[in-house]
Enquirer: 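I'd like to ask you about the structure that follows.
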Amino acid sequence: MIFNPQKYSIEDIPNHPFIDKNEILSILNRNENTSVSAVRDIISKSMCGHRLSMYDAAALIKSDSEECTDLILDSAKEIKRQIYGNRMVIFAPLYVGNSCINNCAYCGFRSSNTEIIRRTLTNDELSSEVGSLIEAGHKRLILVYGEHPKYDAEFIAESVRRVYGISHSQGDIRRVNINAAPFDTNSFRTIKSAGIGTYQIFQETYDPDSYRKYHLGGKKSDYNYRLTALNRAMEAGIDDVGIGALLGLYDWRFELLSMIRHANHLEACYNVGPHTVSFPRIKNASNVETRYDWGVGDKDFIRFIAILRLAIPYAGLILTAREPSELRDSILDYGITQIDGGTNLEIGGYSSERKSQQDLNREQFRLNDERPLKEVVKYLVKSGQVPSFCTACYRKGRTGEDFMKLSTTGEIKNYCAVNSLLTFAEYLEDFTDTGLYARGWDLINRERGNFVLEQRFRVILESGIDKIKKGERNICL
């Protein structure tokens, strides 16, 4: 991937703010509807391995004719196919605790919400939750914590170690990511020592004015401290990081360019961009009555995803169960590489019975896709996509700059192709009914025949599948 850094009004210096609202707005306002030929030229840059600038992305944003939109969507599909192949990574979020000192107007966890039931999982409860997720077939989790002093670096590190240490007859959790408060560099070192995968933090909105409007108290009200959190994480040695924005707090166009700017900043400072990018749309939450003036409709949401795929082609794009199942299923091709399945946001919800209204008062927001993991897998198989439970890059040390080199050249697709099939084969052998088992193996065999792989990759794939059928597990490239 060829990347020529752009010159911005604010210099890229570690731990210094890098968002200039006026600059981003001027870039957005500079471009009127772009011609079809100009859109083709911009897309061609992306398809040839060049990173898009904010100016390029702004031009695509303004190009909303049917012909231009079709070009953007089709190209996003092709970029995803070129880099990641025909696979979809599946994970589950696990909420560890919902105590919070922040007062974010849109969030059910906010400190002023007296209706929510505060709870933190005990060690035994955490083990039960993880056991239930393993029994469903999960291999990768993201642990989610409210932002509270009790969830300090030591607490997070200990909970991560506990999850990794859980032994279960049906397997184990092989990658633990976290979504937690921003910390100082020393605290991030403590968290890294537990062996986390990705550290994820959302800026929520990159617009400083909207940020102040919605963040009414607590440490999260400090815009710049949150904005530079990933700098401190990187300096602590955490080289897999995830950025995100909560769409609906401000103009999605501004948020999109700001995400690109954030990626550029990390690349300029550390030679590593974000491993993942998240963009949930704002949803109803417990005791929330805030009005939002920047709602994002489905059509714009799809264009947002596709343009983001073209602009930051190496990053994993996450589409969460906030979205309805029908919409999720229909837009996966436009650049999505990771989804959650069988999600439950209730504290302790994976190992408990069906939700009551009291249980719902522990949730941060409302879900719109509550399908069990098996149903999500069935849909992917039906649509011809390989469900992947891969955790190999993290475990093999392919993170940070090493991962960037593989993903920006497209070579990562070889690893993804092999590891997705190996982990899906393991899932089929251990967790599926007869019907899904047969359809899943048909998909695996079809993909094996379609892959053009170097001999070294082919040998590992074929021998690995044979070993899995004989009962061996945890085989990866």
Side-chain angles (χ1 to χ4, degrees), residues 76-77 79-94 133-134 136-143 171 173-179 196-200 240-244 274-280 305 308-309 312-321 323 328-329 331-343 369 371 373-381 383-396 398-399 403 406-407 410-428 431 440 443-444 447 474-477:
K77 286 183 182 180
I79 286 286
K80 175 188 170 182
R81 187 196 66 79
Q82 286 182 6
I83 295 180
Y84 288 105
N86 186 35
R87 68 97 171 100
M88 187 66 62
V89 171
I90 302 177
F91 69 96
L94 172 54
L133 287 161
I134 292 172
H138 281 290
K139 300 298 181 187
R140 50 192 296 151
L141 304 181
I142 181 165
L143 303 185
I173 297 301
R174 300 171 184 167
R175 179 177 176 123
V176 180
N177 303 328
I178 67 166
N179 182 310
I196 69 164
T198 301
Y199 167 68
Q200 179 191 80
D240 260 29
V241 297
I243 65 175
H275 188 79
T276 60
V277 184
S278 301
F279 32 83
I305 293 169
L308 193 60
R309 170 49 67 211
I312 316 178
Y314 60 80
L317 301 189
I318 299 175
L319 184 64
T320 73
E323 301 299 335
R328 283 224 295 177
D329 293 347
I331 64 178
L332 293 181
D333 284 344
Y334 301 123
I336 302 301
T337 56
Q338 296 189 26
I339 58 173
D340 50 335
T343 299
D369 184 355
R371 289 175 295 178
L373 174 60
K374 187 174 292 185
E375 294 304 314
V376 174
V377 170
K378 284 181 179 178
Y379 170 76
L380 292 175
V381 171
S383 64
Q385 300 180 76
V386 178
S388 175
F389 300 86
C390 177
T391 60
C393 283
Y394 154 74
R395 291 156 60 215
K396 295 288 188 178
R398 293 190 294 264
T399 62
F403 180 83
L406 292 172
S407 60
E411 189 179 352
I412 193 66
K413 182 173 66 173
N414 295 314
Y415 294 87
C416 291
V418 172
N419 290 319
S420 63
L421 290 189
L422 292 176
T423 58
F424 184 42
E426 190 175 315
Y427 176 85
L428 290 174
F431 299 103
L443 175 60
I444 288 176
E447 290 293 307
N474 207 2
I475 300 166
C476 64
L477 171 61

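Quick caveat: nothing in here was measured; it's all calculated off a predicted structure.
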Enquirer: Tell me, which pairs form a side chain to side chain donor-acceptor pair (under 3.5 Å) where one or both residues lie in residues 79-94, sequence neighbours left out?
Expert: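 Residue pairs passing side chain to side chain donor-acceptor pair (under 3.5 Å), neighbours aside: E78-R81, E78-Q82, N86-E447.
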Enquirer: I'd like to check L373 versus Y427 (side-chain heavy atoms, cut-off strictly below 4.5 Å). Are they in contact?
Expert: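 Heavy-atom side-chain distance check passes, below 4.5 Å.
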Enquirer: With rounding to the nearest 0.5 angstrom, report the CG to CD1 distance, D329 to I336.
Expert: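 Answer rounded to 0.5 Å: 12.0 Å.
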Enquirer: Taking ring-ring contact (aromatic ring centres under 6.0 Å, His included) as the test, write out the residues that go with Y334, two or more places apart.
Expert: none
Enquirer: Between I318 and T320, does the side-chain contact (heavy atoms from CB on, under 4.5 Å) criterion hold? Intermediate values first, please.
Expert: CA-CA 6 Å; I318 299 175; T320 73; 4.0 Å; yes
Enquirer: Return the set of residues passing side-chain contact (heavy atoms from CB on, under 4.5 Å) with D333 (not counting sequence neighbours), or none when no residue passes.
Expert: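 In terms of side-chain contact (heavy atoms from CB on, under 4.5 Å), with neighbours along the sequence ignored, D333 is linked to K77, Q385.
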Enquirer: Taking T198 for its side chain and Q200 for its backbone only, find out whether a donor-acceptor pair lies under 3.5 Å.
Expert: no
Enquirer: Counting C-beta onward and ignoring hydrogens, is there a side-chain heavy-atom pair between K374 and Y379 closer than 4.5 Å?
Expert: no
Enquirer: Not counting sequence neighbours, which residues clear ring-ring contact (aromatic ring centres under 6.0 Å, His included) with F424? List them please.
Expert: none
Enquirer: Going by heavy atoms in the side chains, are V386 and L443 under 4.5 Å from each other?
Expert: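 Contact flag for V386/L443 side chains = yes.
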Enquirer: Run the side-chain contact (heavy atoms from CB on, under 4.5 Å) test on C393 and I412 for me, step by step, so that the C-alpha distance in whole Å, both residues' side-chain angles and the decisive distance to 0.1 Å come before the verdict.
Expert: CA-CA 9 Å; C393 283; I412 193 66; 3.8 Å; yes
Enquirer: Which residues pass the salt bridge (Lys or Arg N to Asp or Glu O under 4.0 Å) test with K378, sequence neighbours left out?
Expert: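 Scan of K378 (salt bridge (Lys or Arg N to Asp or Glu O under 4.0 Å), adjacent residues dropped) gives E375, D433.
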Enquirer: Is any side-chain heavy atom of V89 closer than 4.5 Å to one of I339?
Expert: no
Enquirer: What is the minimum heavy-atom distance between I79 and P313, and which atoms define it?
Expert: CG2-CB, 3.8 Å
Enquirer: So, using ring-ring contact (aromatic ring centres under 6.0 Å, His included) as the criterion, who are the partners of F403 when residues are at least two apart?
Expert: H275
Enquirer: Not counting sequence neighbours, which residues clear side-chain contact (heavy atoms from CB on, under 4.5 Å) with T391? List them please.
Expert: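 side-chain contact (heavy atoms from CB on, under 4.5 Å) list for T391, sorted by chain: R140, R174, R175, R395.
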Enquirer: For L477, is there any backbone N or O sitting under 3.5 Å from a side-chain donor or acceptor partner on N419?
Expert: yes
Enquirer: Among all residues two or more places apart in sequence or in another chain, which pass the side-chain contact (heavy atoms from CB on, under 4.5 Å) test with D369?
Expert: A321, S325, R328, R371
Enquirer: Can you tell me which residue pairs pass the salt bridge (Lys or Arg N to Asp or Glu O under 4.0 Å) test with a partner in residues 383-393, sequence neighbours excluded?
Expert: none
Enquirer: Compare all side-chain heavy atoms of N179 with those of L143 and state whether any distance is below 4.5 angstrom.
Expert: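 Not in contact.
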Enquirer: Of all residues at least two apart in sequence or in a different chain, which pass the side-chain contact (heavy atoms from CB on, under 4.5 Å) check with A92?
Expert: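 By the side-chain contact (heavy atoms from CB on, under 4.5 Å) rule, A92 matches L133, H138, L141, Y350.
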Enquirer: Walk me through whether L319 and Q338 qualify under side-chain contact (heavy atoms from CB on, under 4.5 Å).
Expert: CA-CA 6 Å; L319 184 64; Q338 296 189 26; over 6 Å; no
Enquirer: Who are the side-chain hydrogen bond (donor to acceptor under 3.5 Å, both in side chains) partners of T399, not counting sequence neighbours?
Expert: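 With sequence neighbours excluded, T399 shows a side-chain hydrogen bond (donor to acceptor under 3.5 Å, both in side chains) to D239, given in chain and number order.
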Enquirer: Could you go through the side-chain contact (heavy atoms from CB on, under 4.5 Å) check for N177 and I196 one step at a time?
Expert: CA-CA 6 Å; N177 303 328; I196 69 164; over 6 Å; no
Enquirer: Over all heavy atoms of both residues, which pair between A315 and V277 is shortest? Give the atoms and the distance, please.
Expert: CB-CG2, 3.9 Å
Enquirer: Y394: which residues meet the ring-ring contact (aromatic ring centres under 6.0 Å, His included) condition with it, sequence neighbours left out?
Expert: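 For Y394, no residue satisfies ring-ring contact (aromatic ring centres under 6.0 Å, His included) once neighbours in sequence are set aside.
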Enquirer: To check you understand the geometry: which heavy-atom pair defines the closest contact between G197 and D240, and what is its length?
Expert: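 For G197 versus D240, the nearest heavy atoms are O-CB, 3.6 Å.
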Enquirer: Could you tell me which non-hydrogen atom of L317 sits nearest to which non-hydrogen atom of L308, and how far apart they are?
Expert: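 Of all heavy-atom pairs spanning L317 and L308, the closest is CD2-CD2, 3.9 Å.
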Enquirer: Are any non-hydrogen side-chain atoms of S388 and M88 less than 4.5 angstrom apart?
Expert: no
Enquirer: Which heavy atom of I90 sits nearest a heavy atom of G341, and at what distance?
Expert: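 In this case the closest contact between I90 and G341 is CG2-N, 4.1 Å.
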Enquirer: Any idea which heavy atoms bring N474 and E426 closest together, and the distance?
Expert: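 Nearest heavy atoms, N474 then E426: N-OE1, 3.2 Å.
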